[in-house]
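Because the structure is a prediction, the values reported are computed rather than measured.
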Amino acid sequence: MVFRGKVFGWAALTCAVGTLLATLAIALVLFGQSLPFFRHVQPSAFLLGRQWRPTGAPPEYGLLPLLAGSLEITLGAALLSFPLGVLSAIFLQEHAGSRVRSVLRLPLELLAGVPAVVYGYLGLFLVTPMLRSATPSFQASNAASAAIVVAIMILPLIASVAQDAIAAVPEGLREGGYALGFTKTEVILRLVLPAARSGIFAALVLALSRAIGETIAVTLAAGSTAHLTLNPTKSMATMTSYILTTTQGDAEAGSMRYLSIFAVGLVLFVITFTTNVIASRLRNSFKARLA
């Protein structure tokens with residue numbers, strides 16, 4: 001038993017170190033490949049530029065159109081999915097019985113297992129025609145359609161993590177509320193949700209990290225037109241869609257257009273790494289408060 005325990009401990013340590021090394025390798029590759037790009041393009045011009053035209057004459061590499069597209073779709077998806085995810089978590093944990101909970105969790109798990117390309121075509125051939133039938137101003141590819149399909153994609157993540165946070169609230173807190181004469185709704189709103197807010201917010205941050213990194217579904221639903229706009233009816237490009245379309249195109253290795261995908265990838269890596277660190281700290285803080 002002692003030998004098995006040591007083997008398991010060494011295996012776990014190897015996996016942990018391997019994960020750390022993989023993350024460092026990704027960061028080093030992105031940083032190393034981005035350096036030649038930033039020798040020709042000032043970082044300030046890259047981060048604050050309003051025009052993204054890598055094939056223009058002369059080419060322009062202003063990240064704001066891609067960054068705005070990514071943030072608009074991500075925040076739109078969060079606004080749609082966060083209330084539904086939290087309400088689903090509340091119902092599953094606080095209202096549904098064990099049998100109902102097991103039945104309702106199945107559709108959520110199925111949503112999490114659907115390939116991203118299926119969501120992309122769902123947005124392209126179902127969501128967009130519905131939007132265009134309501135308002136003809138919607139283009140064939142648009143940000144609203146992408147936000148809707150990404151919201152469906154991240155809904156299971158929000159519901160699952162939020163439910164875990166709600167389930168971790170001590171039962172004594174609920175019983176104390178009932179002893180004071182609170183109704184079930186008051187217990188949930190005034191005691192359970194405030195106690196679980198760090199875990200619920202961590203669910204939102206993790207979902208944002210997942211949404212901003214989505215590629216194929218966003219590319220199919222939102223298109224690849226890079227322009228700075230807040231109009232959700234228009235086609236727009238995101239950081240991930242630009243990386244996808246460029247790697248599938250005719251960008252010559254070592255060219256500025258080729259190197260630009262590493263610069264965009266570096267910004268995307270920093271954003272997702274930061275959001276995951278924030279979510280991890282929030283979850284640790286939540287666990288420490290309940291300990």
Side-chain angles (χ1 to χ4, degrees), residues 67-96 101 103-128 130-131 134 138 141-167 188-189 192-193 196-222 230-233 236 238-241 268 271-272 274-276 278-280 282-283 286:
L67 184 60
S70 296
L71 293 179
E72 182 173 339
I73 292 172
T74 300
L75 294 178
L79 289 175
L80 294 172
S81 61
F82 186 65
L84 292 176
V86 174
L87 290 174
S88 299
I90 292 172
F91 176 78
L92 289 173
Q93 188 60 39
E94 299 294 325
H95 293 282
R101 186 182 302 121
V103 171
L104 293 181
R105 283 186 66 93
L106 180 60
L108 286 175
E109 294 172 356
L110 289 176
L111 287 178
V114 175
V117 65
V118 175
Y119 282 110
Y121 282 112
L122 176 70
L124 189 62
F125 295 116
L126 178 62
V127 177
T128 295
M130 292 175 60
L131 294 175
F138 280 92
S141 298
N142 57 83
S145 176
I148 292 172
V149 297
V150 173
I152 299 173
M153 294 179 67
I154 64 176
L155 178 61
L157 175 61
I158 295 176
S160 177
V161 178
Q163 184 183 355
D164 291 341
I166 294 172
I188 294 172
L189 295 178
V192 175
L193 290 183
R197 63 179 179 270
S198 296
I200 294 174
F201 189 72
L204 173 62
V205 176
L206 286 173
L208 290 176
S209 176
R210 170 72 175 85
I212 201 170
E214 179 51 45
T215 304
I216 186 66
V218 171
T219 304
L220 290 172
L230 297 177
N231 188 346
T233 67
M236 61 178 57
T238 64
M239 292 184 287
T240 53
S241 66
L268 186 61
I271 293 174
T272 53
T274 302
T275 54
N276 278 280
I278 293 173
S280 178
L282 286 173
R283 296 185 73 175
F286 174 70

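- Proximity of Ile90 to Leu193: side-chain heavy atoms (C-beta onward) are separated by under 4.5 Å at one or more points.
- Applying the side chain to side chain donor-acceptor pair (under 3.5 Å) test to Thr233 and every residue at least two apart in sequence or in another chain returns Asn231.
- Shown here are the ring-ring contact (aromatic ring centres under 6.0 Å, His included) partners of Phe91, two or more places apart in sequence or in another chain: there are none.
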Which side-chain N or O atoms in residues 74-88 pair as donor and acceptor under 3.5 Å with protein atoms at least two apart or in another chain?
| from | atom 1 | to | atom 2 | distance (Å) |
| --- | --- | --- | --- | --- |
| Thr74 | OG1 | Ser70 | O | 2.7 |
| Ser81 | OG | Ala77 | O | 2.8 |
| Ser88 | OG | Leu84 | O | 2.7 |

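- Ile152 places none of its side-chain heavy atoms less than 4.5 Å from the side chain of Val114.
- For Leu124, the side chain to side chain contact (heavy atoms under 4.5 Å, CB included) criterion is met by Tyr121, Ser141, not counting sequence neighbours.
- Of all the heavy atoms in Met153 and Ala116, the pair that sits closest is CE-CB, 3.9 Å.
- Every residue two or more places apart in sequence or in another chain that forms a side chain to side chain contact (heavy atoms under 4.5 Å, CB included) with Pro115 is listed here: Val117, Val118.
- Pairing each heavy atom of Ala165 with each of Ala196, the nearest pair is O-CB, 3.7 Å.
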Evaluate Val149 against Leu220 for side chain to side chain contact (heavy atoms under 4.5 Å, CB included), listing each step before the verdict.
CA-CA 11 Å; Val149 297; Leu220 290 172; over 6 Å; no

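- Note on residues 143-162: no pairs pass salt bridge (charged side-chain N to carboxylate O under 4.0 Å, His left out), not counting sequence neighbours.
- Proximity of Ile188 to His95: side-chain heavy atoms (C-beta onward) are separated by under 4.5 Å at one or more points.
- Shown here for Pro232 and Phe138, the closest heavy-atom pair between the two residues is O-CE2, 4.2 Å.
- By the side chain to side chain donor-acceptor pair (under 3.5 Å) test, Glu72 pairs with no residue at all, sequence neighbours left out.
- The salt bridge (charged side-chain N to carboxylate O under 4.0 Å, His left out) contacts involving residues 73-96 comprise Glu94-Arg174, where partners must be two or more places apart or lie in separate chains.
- Contacts classified as side chain to side chain donor-acceptor pair (under 3.5 Å) and involving residues 143-161 (residues at least two apart or in different chains) are given here: Thr128-Ser145.
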For a quick test of your reading: what N or O donor-acceptor pairs under 3.5 Å do the side chains of residues 204-219 make, sequence neighbours left out?
| from | atom 1 | to | atom 2 | distance (Å) |
| --- | --- | --- | --- | --- |
| Ser209 | OG | Thr275 | OG1 | 3.4 |
| Ser209 | OG | Asn276 | ND2 | 2.8 |
| Arg210 | NH1 | Glu214 | OE1 | 2.8 |
| Glu214 | OE2 | Ile216 | N | 3.4 |
| Glu214 | OE2 | Ala217 | N | 3.3 |
| Thr215 | OG1 | Gly213 | O | 3.3 |
| Thr219 | OG1 | Thr215 | O | 2.8 |

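- With sequence neighbours excluded, the residues that form a side chain to side chain donor-acceptor pair (under 3.5 Å) with Gln163 are Gln93, Arg105.
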